[in-house]
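Quick note: numbers below take in every heavy atom, side chains included, and nothing from hydrogens, waters or symmetry partners. Residue numbers start from 1 in every chain, and the chains themselves are labelled A, B, ... in the order their sequence lines are given, proteins ahead of strands.
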Amino acid sequence: MPEGPSIVILKEAIARFNRKKVIKATGNAKIDMKRLENKTIRSIRSWGKHLLICFDDFYLRIHLLMFGTYRINEQKTTPLRLGLQFKNDTLNFYTAAIVLIDGSPDDYYDWSADVMNDKFDTRKALKKIRALPDEMICDVVLDQEIFSGVGNIIKNEILFITRIHPESRAGNIPAAKMRALVKTAVGYSFDFLKWKKAFQLKKHWLAYAKKKCPRCNIPLHKEYPGRKKRRSFFCDNYQVRY
DNA sequence: AGTCATGTTGACGA
DNA sequence: CTCGTCAACATGAC
């Protein structure tokens with residue numbers, strides 16, 4: 001379910017609940033449900049993989065992790081994590097990590113790190129990366145403080161598109177190549193959004209979950225490199241190890 | 001039926 | 001204190 005673009009789709013899907021009053025809140029989320037009742041939603045935002053439902057002086061941070069789902073005016077049979085009842089509608093979340101946080105998201109988030117945000121700042125991202133020269137690029141790309149919203153699918157695709165071997169150390173990658181990677185992280189995330197909305201995401205995958213390199217026609221490696229040990233698909237021939 | 005995965009956090013021991 | 005490893009959470013596709 002959840003990389004940044006999928007959370008943007010969720011945000012858009014529930015945008016109509018903005019300025020609506022929560023009549024009742026239920027579910028097994030470990031938050032004070034009473035705090036939500038009779039409160040009006042003031043904005044619905046996102047930061048990377050975080051969905052933010054904001055009220056006057058607090059907000060809900062909803063993270064779908066790996067298996068999180070939601071339903072509008074429907075319910076699943078799995079345990080309800082959080083259900084928000086409005087006058088004529090219900091919004092249900094399942095298997096999500098939900099926290100109620102006092103204050104405004106502006107007090108906490110660096111919007112310039114979110115690849116889906118207009119405020120994303122390439123220069124700041126490059127500066128953050130320069131501080132991590134010994135890290136493998138496959139780990140750097142998943143660093144949510146630098147590339148908030150980038151997940152394992154986007155990681156694999158942008159390293160393939162830019163022809164960077166996932167085990168390359170960040171400090172060894174030429175500046176122009178590094179800049180291209182950051183630009184591609186943003187550009188591909190919006191492609192992901194467009195394709196996902198059209199239910200055409202999978203058919204655009206070049207490396208993720210693929211067996212063969214679409215450029216060289218040789219088998220792709222499938223390994224779990226770096227600190228994060230997330231699945232990496234790569235071609236020894238097409239991708240350069242820096 | 002067992003394995004695996006678009007994710008993150010916290011406990012624990014070296 | 002830091003590092004790495006593991007468990008936990010929990011669902012559904014294959």
| query | For B/dT6, does either OP1 or OP2 sit under 4.0 Å from a side-chain N or O belonging to A/Lys49? | reply | no
| field | Sub-4.5 Å side-chain heavy-atom contact between A/Phe147 and A/Leu142 | value | no
| remark: Taken to the nearest whole Å, CD1/A/Ile7 to C1'/B/dG7 is 11 Å
| query | Do we get A/Arg81 above A/Tyr70's six-membered ring, with its NZ or CZ under 6.0 Å from the centre and within 45° of the axis? | reply | no
| said: Between C1' on C/dG4 and CD on A/Glu135, what's the gap in Å once rounded to a whole number? | reply: 13 Å
| said: From C-beta outward on A/His63, which listed nucleotide comes closest to its side chain: C/dT11, B/dT8, B/dT6? | reply: B/dT8
| Can you tell me how far C1' of B/dG7 sits from CZ of A/Arg227, to the nearest Å? | 18 Å
| Which whole-number value in Å describes the distance from A/Lys228 NZ to B/dT6 P? | 14 Å
| note | 5'-most contact on DNA chain C (nearest-nucleotide basis), A/Asn28 vs A/Lys229, goes to A/Lys229
| request: Using the six-membered ring wherever Trp is involved, compare the ring planes of A/Phe86 and A/Phe17 and label them parallel, tilted or perpendicular (cut-offs 30° and 60°). | output: parallel
| field | Pairing nucleotide - B/dT6, Watson-Crick or G-U, each distance under 3.5 Å | value | none
| query | B/dT6 phosphate, OP1 or OP2: any side-chain N/O from A/Arg230 under 4.0 angstrom? | reply | yes
| remark: One should read off an interatomic distance between A/Cys216 SG and A/Asp236 CG, to the nearest 0.5 angstrom, of 10.0 Å
| B/dA5 phosphate, OP1 or OP2, under 4.0 Å from A/Lys222 side-chain N/O | yes
| request: Can you tell me the distance, in whole Å, between the CG atom of A/Asn152 and the P atom of B/dT6? | output: 4 Å
| said: Need one value for A/Tyr208: base, sugar-phosphate or nothing, where a base atom within 4.0 Å counts as base even if backbone is also close, heavy atoms only. | reply: sugar-phosphate
| Distance, P atom - from B/dA1 to C/dC9, rounded to whole angstrom | 24 Å
| field | Ring-face cation of A/Arg169 near A/Tyr242 (centre distance under 6.0 Å, axis angle within 45°) | value | no
| task | Check whether any side-chain nitrogen or oxygen of A/Tyr70 sits under 4.0 Å from OP1 or OP2 of C/dT11, and answer yes or no. | result | no
| query | What distance do A/Lys212 atom NZ and A/Asn217 atom CG have between them, rounded to the nearest 0.5 Å? | reply | 4.0 Å
| query | Could you give the CG-to-P distance, from A/Leu142 to B/dT9, as a whole number of Å? | reply | 13 Å
| task | Mind checking A/Lys202 for me? I need base, sugar-phosphate or nothing, with any heavy atom below 4.0 Å counting as a touch. | result | nothing
| request: Mind checking A/Lys155 for me? I need base, sugar-phosphate or nothing, with any heavy atom below 4.0 Å counting as a touch. | output: nothing
| Candidates B/dC4, B/dT8, C/dT11 - which lies nearest the side chain of A/Leu65 | B/dT8
| remark: A/Phe192 has its side chain closest, among B/dG7, B/dT6, B/dC4, to B/dT6
| remark: Rounded to whole Å, the CZ-C1' distance (A/Phe147 to B/dT6) equals 18 Å
| field | Separation between the P atoms of B/dA5 and C/dC6, rounded to whole Å | value | 16 Å
| query | Which whole-number value in Å describes the distance from A/Leu64 CG to C/dT11 C1'? | reply | 13 Å
